[in-house]
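Notes follow once the structure below has been shown.
Position 1 is the first residue of the sequence; numbering continues from there. Predicted model only: the values in this text are computed from it and were never measured. Atoms within each ligand, like the ligands themselves, are counted from 1 in listed order.
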Amino acid sequence: MRATWSGWGDPPPFPEQLPSLVPGLSGRETPAVSLDDVELPESRLPDALRKIARTDREERVLHAAGKSYPDLIRLRSGDASGAPDGVIYPKSHDAVLRVLEVCAAEGVAVVPFGGGTSVVGGVEPLRGSFDSVVALDLARIDHLTTDRTSLLGTFGAGLRGPRAETRLNGRGLTLGHFPQSFEFATIGGYAATRSAGQASTGYGRFDKLVLGLRCATPAGDIVVKPFPGTAAGPSLRELLVGSEGTLGVITEATLQLRPLPGMRRYEGWSFASFDEGVEAFRQLAETHSAPDVARLSDEQETRLAMALSSSGSLTDKLGKGYLKARGHAGGCIVIAGYEGEPDDVTMRARAGGRVLRRGGGLFLGRRPGESWLRSRYHGPYLRDALLGRGVMVETLETSTTWTRLRELHTAVAEALGGAMAARGTPAVVGCHVSHVYPAGASLYFTWMGEREQGAELEQWRAAKTAAMDAIVSNAGTITHHHAVGRDHTPWMTAEVGEVGVEALRAVKERLDPAGIMNPGKLLP
Ligand SMILES: Cc1cc2nc3c(=O)[nH]c(=O)nc-3n(C[C@H](O)[C@H](O)[C@H](O)COP(=O)(O)OP(=O)(O)OC[C@H]3O[C@@H](n4cnc5c(N)ncnc54)[C@H](O)[C@@H]3O)c2cc1C
């Protein structure tokens with residue numbers, strides 16, 4: 001299964017209460033054009049590749065963009081002018097090496113393509129200095145072997161989340177990696193972007209799960225052996241993880257697994273304010289009692305989520321009344337999820353609960369947690385419904401230390417709100433903390449406003465630029481888990497410094513001397 005070319009999948013009905021929550025929203029119809037009406041340029045592949053590439057309309061459009069707001073706006077309006085000239089599905093590591101050899105000889109750019117769920121322009125088929133570009137879709141490289149004794153799994157890069165989990169679960173194992181894009185994203189994509197899943201506070205970010213890698217580069221193979229620990233110089237694993245297809249194609253990854261949890265306990269909590277919640281989360285980190293899933297929504301996100309999920313039922317009204325009576329009206333919701341063996345889960349939930357209660361948290365029972373767990377992959381479908389009704393909806397993410405977290409939160413929310421208001425399209429800006437570390441946490445922003453018909457990309461750029469500038473000047477990373485792609489390259493020098501960029505460029509020049517690998521991404 002893959003996402004649709006114009007979005008994610010079957011959208012739910014448009015939430016009719018939304019226009020009353022987002023200022024100025026008209027909710028007018030803005031459907032996508034039909035696939036037949038999407039404008040495609042002629043394919044310009046050299047003969048050597050034409051024999052092995054698919055060049056039909058559907059394949060080229062499906063590989064023409066990722067899933068960011070600007071990607072979808074362009075495609076839905078019928079613009080696939082940058083579509084790849086062809087799509088190649090190699091079956092093995094050696095087949096990937098052969099394709100790279102031909103592309104380097106013929107001067108064809110190569111975009112490694114996993115699930116195509118990048119939200120930072122990572123799979124945009126830019127040609128760089130070349131006339132043509134191919135998308136290299138890894139879907140056919142999908143093997144899996146496990147070593148139960150060492151809790152390791154060796155995965156083909158094209159394996160998608162659900163298939164990988166089903167196969168692991170059948171062996172009593174799990175990877176524990178559940179990003180919101182889980183349904184379509186791949187193992188290779190996770191590794192290439194340093195992905196973080198919803199349970200990464202407990203299971204660890206994807207970059208921490210990778211022990212070994214096999215990577216096909218235009219200069220030849222690199223194999224990183226899956227040692228549990230090594231002191232053999234700077235880590236090649238760290239260089240390849242997060243390389244976003246600019247150095248080579250990750251064809252296989254050896255990953256740390258966990259036994260399938262015997263119990264899952266998900267709870268809801270409420271805090272009177274975001275500040276209180278942040279401090280309680282800091283305490284969770286400091287006392288090593290953070291749950292595996294730790295999410296704290298700010299006031300705005302909580303208000304929006306509650307309004308969208310409200311059924312107006314008696315239970316809803318009683319719940320709101322209870323929060324009001326306890327001084328938590330307009331407060332912030334927390335989801336705390338614990339996974340593992342039953343005794344361990346009970347003990348950890350008790351320890352975590354003590355910290356949350358001490359910090360001012362109000363226990364809301366398991367229903368909110370279980371409801372979140374059931375609906376955790378629904379967001380992207382709702383986004384499709386919003387895109388079809390004139391709504392600009394976009395997200396971005398960052399992280400910083402506990403010391404700077406609150407000022408970063410305020411600065412980015414104000415930057416996004418200010419940039420949207422300045423264009424006459426005031427927005428609702430919500431945020432949540434979703435990954436907790438000893439030194440700090442992530443912040444994930446969502447903003448929604450009326451779409452500026454015909455000037456969507458300028459509107460998006462104004463908001464994105466304001467937010468990124470605020471991030472950089474308030475000690476945030478330019479990306480916590482979405483990666484750099486095309487969209488964050490202007491801020492990469494601010495992130496790693498000029499010499500840092502030069503060092504990365506030197507590595508690229510050695511591994512990819514012709515510069516065919518994913519031009520225009522990662523490096524400014
Ligand atoms: C609705 C939605 C929700 C999301 N939620 C999350 C989330 O919770 N957490 C998170 O981390 N991210 C999230 N993302 C972002 C995205 O899903 C991740 O970046 C994911 O890791 C990308 O995987 P993919 O297989 O789709 O890679 P793609 O989008 O296909 O590729 C991403 C980048 O990696 C490169 N690449 C892909 N495969 C390989 C390979 N085998 N070798 C070398 N380079 C490769 C591509 O060239 C590109 O630069 C979300 C995206 C969407 C649309």
List, pair by pair, the atoms of ligand 1 and of the protein that are both N or O and lie under 3.5 Å apart, giving the separation rounded to 0.1 Å.
| from | atom 1 | to | atom 2 | distance (Å) |
| --- | --- | --- | --- | --- |
| ligand 1 | 8 (O) | Gln180 | N | 2.9 |
| ligand 1 | 9 (N) | Ala196 | O | 2.7 |
| ligand 1 | 11 (O) | Ser195 | OG | 2.8 |
| ligand 1 | 11 (O) | Ala196 | N | 2.9 |
| ligand 1 | 11 (O) | Ala196 | O | 3.3 |
| ligand 1 | 11 (O) | His481 | O | 3.4 |
| ligand 1 | 17 (O) | Thr117 | OG1 | 2.6 |
| ligand 1 | 17 (O) | Ser181 | OG | 2.6 |
| ligand 1 | 19 (O) | Thr193 | OG1 | 3.4 |
| ligand 1 | 21 (O) | Gly189 | O | 3.4 |
| ligand 1 | 21 (O) | Thr193 | OG1 | 2.9 |
| ligand 1 | 25 (O) | Gly115 | N | 2.8 |
| ligand 1 | 25 (O) | Thr186 | N | 2.8 |
| ligand 1 | 25 (O) | Thr186 | OG1 | 2.6 |
| ligand 1 | 26 (O) | Gly115 | N | 3.2 |
| ligand 1 | 26 (O) | Gly116 | N | 3.2 |
| ligand 1 | 26 (O) | Thr117 | N | 2.9 |
| ligand 1 | 26 (O) | Thr117 | OG1 | 2.6 |
| ligand 1 | 29 (O) | Thr117 | N | 3.0 |
| ligand 1 | 29 (O) | Ser118 | N | 2.8 |
| ligand 1 | 30 (O) | Gly114 | N | 2.7 |
| ligand 1 | 30 (O) | Gly115 | N | 3.3 |
| ligand 1 | 30 (O) | Gly116 | N | 2.8 |
| ligand 1 | 41 (N) | Ile250 | O | 2.8 |
| ligand 1 | 42 (N) | Ile250 | N | 2.9 |
| ligand 1 | 44 (N) | Gly245 | N | 3.3 |
| ligand 1 | 47 (O) | Pro112 | O | 2.6 |
| ligand 1 | 47 (O) | Asn518 | ND2 | 3.1 |
| ligand 1 | 49 (O) | Gly122 | O | 3.1 |
| ligand 1 | 49 (O) | Glu244 | O | 3.3 |
| ligand 1 | 49 (O) | Asn518 | ND2 | 3.2 |

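- At a threshold of 4.0 Å, the pair Arg2-Glu59 counts as salt-bridged, since one of the basic side-chain nitrogens sits closer than that to a carboxylate oxygen.
- Rounded to the nearest 0.5 Å, atoms CZ (Arg205) and NE2 (His435) are 7.5 Å apart.
- Ring geometry, His409 versus Phe445: the interplanar angle falls under 30°, so the pair is classed parallel (tilted spans 30 to 60°).
- Between Arg486 and Asp71, at least one side-chain nitrogen of the basic residue sits less than 4.0 Å from a carboxylate oxygen of the acidic one, meeting the salt-bridge criterion.
- Comment: Glu502 engages Arg505 in a salt bridge, judged by a side-chain N to carboxylate O separation of less than 4.0 angstrom.
- Asp207 has a carboxylate O that lies under 4.0 Å from a charged side-chain N of Arg194, or vice versa, which qualifies the two as a salt bridge.
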